[in-house]
Amino acid sequence: MNIARLLPLLALLPFTAQAQPVSLRSVDSSELGIEVMQLRYEAGSGSTAFEHEGNKVGLTFRFTQALRDDWYWGGDARQSHGNINYSSASRGEKGGNADVLTEVRITGGKDYPLGSQLLAPYFGLGFRKLSTDLKGLTSTGDEGYRRRSQYVYLPLGLTHRAQLGPEARLSTSFEYDLLLDGRQQSFLSDTDATSNDPVNSQRNGHGLRLSSSFETYHWSIGFFVHYWRVGASDEARQSLGGVPGTVVVEPRNSTREAGVQFRLRFH
């Protein structure tokens, strides 16, 4: 899937809507959209290194409610589906693995108009879940299993909006995400029915986000880049038939998402 080839097609969709003035300030609205992105996850080093990479397509939803004195609050949710390729230095390769990303956020902030521009700092609370189904055999005959990663984090960001005439604006957001709590669950019972499914805690990590979009009263189109870097987890222990066994650790890892979004806005 070539994301760049989809941009011209998405850009042609919205021009049937009648143009109306668009405000720099946050106003009551809801937005429903689609996103196309590429995800890459890398973990470990040397003989323990592995990575996931693939393209995903999903739906997005966002709402905003304006409050008094230029304050506002809102929320957004997204869910993307696709298949990723798994590769490991020691366990071989496996393609066609189902991968689902779900994210829900609540944020709030304040608008600061500056003539034809506006700054809007914000903060909030986010939840991110990534589920990957690696069941089956790799190219080296190793048996895979399902994995689930969950992050609870604190988003701290700044949005800049610039007027592009009365009927359009450019909106760009920069964000730092502080990891509050991470959980990595390995469903090792997929490889041995007598095994438990250990959960590793991840407490050290952060994320960065950049997004920019061309927005009108009725629609918007833009790109986004998300990055996560999370330190090694604490230790958990696999048990087989109730007997303690191998120590399980999720190594230091990074995740990169890059894609485009097209959204319709309802007032």
Side-chain angles (χ1 to χ4, degrees), residues 22-33 35 37 39 58-80 101-130 149-163 169-184 201-215 220-231 233 253-261 263 265-267:
V22 59
S23 171
L24 284 179
R25 283 182 164 88
S26 301
V27 298
D28 293 354
S29 64
S30 298
E31 299 175 64
L32 182 64
E35 69 176 17
M37 73 171 184
L39 182 144
L59 295 176
T60 69
F61 174 76
R62 177 189 296 173
F63 77 91
T64 303
Q65 183 177 19
L67 305 174
R68 297 180 58 182
D69 300 322
D70 284 330
W71 287 90
Y72 68 91
W73 81 287
D76 57 271
R78 58 196 284 248
Q79 186 171 87
S80 295
L101 173 65
T102 303
E103 193 162 19
V104 180
R105 295 149 52 93
I106 296 293
T107 55
K110 182 176 174 65
D111 291 338
Y112 293 91
L114 302 169
S116 61
Q117 301 183 61
L118 178 143
L119 291 177
Y122 62 89
F123 66 97
L125 186 65
F127 172 78
R128 178 183 185 275
K129 181 174 75 172
L130 182 64
S149 175
Q150 298 182 151
Y151 298 163
V152 177
Y153 64 93
L154 176 69
L156 302 167
L158 177 68
T159 297
H160 172 266
R161 298 190 190 119
Q163 200 80 52
R169 70 188 188 191
L170 180 66
S171 180
T172 302
S173 293
F174 303 90
E175 181 178 305
Y176 174 83
D177 296 325
L178 176 64
L179 180 65
L180 301 178
D181 183 68
R183 303 278 171 166
Q184 180 71 44
S201 296
Q202 299 169 299
R203 297 184 177 86
N204 299 314
H206 67 271
L208 300 171
R209 292 181 177 229
L210 168 65
S211 64
S212 186
S213 57
F214 177 86
E215 301 177 346
S220 68
I221 186 169
F223 75 90
F224 63 91
V225 179
H226 300 167
Y227 174 79
W228 277 98
R229 187 167 184 82
V230 179
S233 72
N253 59 81
S254 64
T255 306
R256 292 187 293 273
E257 304 168 21
V260 293
Q261 285 187 346
R263 298 190 298 269
R265 181 178 291 116
F266 306 93
H267 296 265

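- Among all heavy-atom pairs drawn from Ser212 and Leu170, the shortest one is OG-CD1, 3.7 Å.
- Between Met37 and Ser80, some side-chain heavy-atom pair lies under the 4.5 Å cut-off.
- The two residues Gly231 and Gln202 come nearest to each other via the heavy atoms O-NE2, 4.3 Å.
- In this structure, NE2 in His226 is found 11.0 Å from CG in Leu39, a value given to the nearest 0.5 Å.
- Nearest heavy atom pair, residue Leu180 against residue Leu125, reads CD1-CD1, 4.0 Å.
- Between the CG atom of Asp28 and the CG atom of Leu67 there is a distance of 8.5 Å, given to the nearest 0.5 Å.
- Counting heavy atoms from C-beta outward, Leu210 and Thr172 have side chains that approach closer than 4.5 Å.
- By the 4.5 Å heavy-atom criterion applied to side chains, Phe223 and Gln261 are not counted as neighbours.
- Across Gly126 and Pro155, no two heavy atoms sit closer than the pair N-CD, 4.0 Å.
- We find that Glu103 and Lys129 are not joined by a salt bridge, their nearest charged nitrogen and carboxylate oxygen being 4.0 Å or further apart.
- You'll find the side chain of Val22 stays beyond 4.5 Å of the side chain of Glu215, heavy atoms only.
- For Asp111 (side chain) and Arg25 (main-chain N/O), no donor-acceptor pair under 3.5 Å exists by modelled atom type.
- Of all non-hydrogen atoms in Ser173 and Thr159, the two that sit nearest each other are OG-OG1, 2.7 Å.
- At distances below 3.5 Å, not a single donor-acceptor pair connects side-chain atoms of Lys110 with backbone N or O atoms of Leu119.
- Counting heavy atoms from C-beta on, the side chains of Leu178 and His206 never come closer than 4.5 Å.
- Using a 4.5 Å cut-off on side-chain heavy atoms (C-beta onward), Arg78 and Leu101 make contact.
- The one candidate from Phe127, Tyr176, Trp228, Phe123 that meets the ring-ring contact (aromatic ring centres under 6.0 Å, His included) condition with Tyr153 is Trp228.
- The side-chain hydrogen bond (donor to acceptor under 3.5 Å, both in side chains) contacts involving residues 59-68 comprise Gln65-Trp73, where partners must be two or more places apart or lie in separate chains.
- Once rounded to the nearest 0.5 Å, the distance linking CD of Glu31 with OG of Ser213 reads 8.0 Å.
- Remark: Asp181 CG is packed, more than 12 non-hydrogen atoms of other residues, nucleotides or ligands lying under 6.0 Å away.
- Heavy-atom minimum distance, His160 versus Gln117: NE2-OE1, 2.5 Å.
- The OG atom of Ser30 sits 8.5 Å away from atom CZ of Phe266, with the distance rounded to the nearest 0.5 Å.
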What's the verdict on side chain to side chain contact (heavy atoms under 4.5 Å, CB included) for Ser201 and Ser233, showing C-alpha distance, side-chain angles and the deciding distance?
CA-CA 5 Å; Ser201 296; Ser233 72; 6.0 Å; no

Stepwise salt bridge (Lys or Arg N to Asp or Glu O under 4.0 Å) check, Arg128 with Glu257
CA-CA 13 Å; Arg128 178 183 185 275; Glu257 304 168 21; 2.9 Å; yes

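- Here the CZ-CG distance, from Phe174 to Leu158, works out to 8.0 Å after rounding to the nearest 0.5 Å.
- Atom CZ of Arg263 is separated from atom OG of Ser29 by 9.5 Å, given to the nearest 0.5 angstrom.
- For the pair Tyr112/Pro121, a side-chain contact is recorded, criterion being any heavy-atom separation below 4.5 Å from C-beta on.
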Check the pair Arg105 / Asp76 against salt bridge (Lys or Arg N to Asp or Glu O under 4.0 Å), numbers first and verdict last.
CA-CA 5 Å; Arg105 295 149 52 93; Asp76 57 271; 3.4 Å; yes

Determine whether Arg203 and Leu179 satisfy the following criterion, side chain to side chain contact (heavy atoms under 4.5 Å, CB included), listing intermediate values before the conclusion.
CA-CA 7 Å; Arg203 297 184 177 86; Leu179 180 65; 6.0 Å; no

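- Cation-pi geometry between Arg265 and Phe61 is not satisfied (NZ or CZ under 6.0 Å from the ring centre, within 45° of the ring normal).
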Show the numbers, then the answer: is there a side chain to side chain contact (heavy atoms under 4.5 Å, CB included) between Arg209 and Tyr227?
CA-CA 6 Å; Arg209 292 181 177 229; Tyr227 174 79; over 6 Å; no

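- In this structure, the side chains of Asp70 and Pro113 come closer than 4.5 Å at one or more pairs of heavy atoms.
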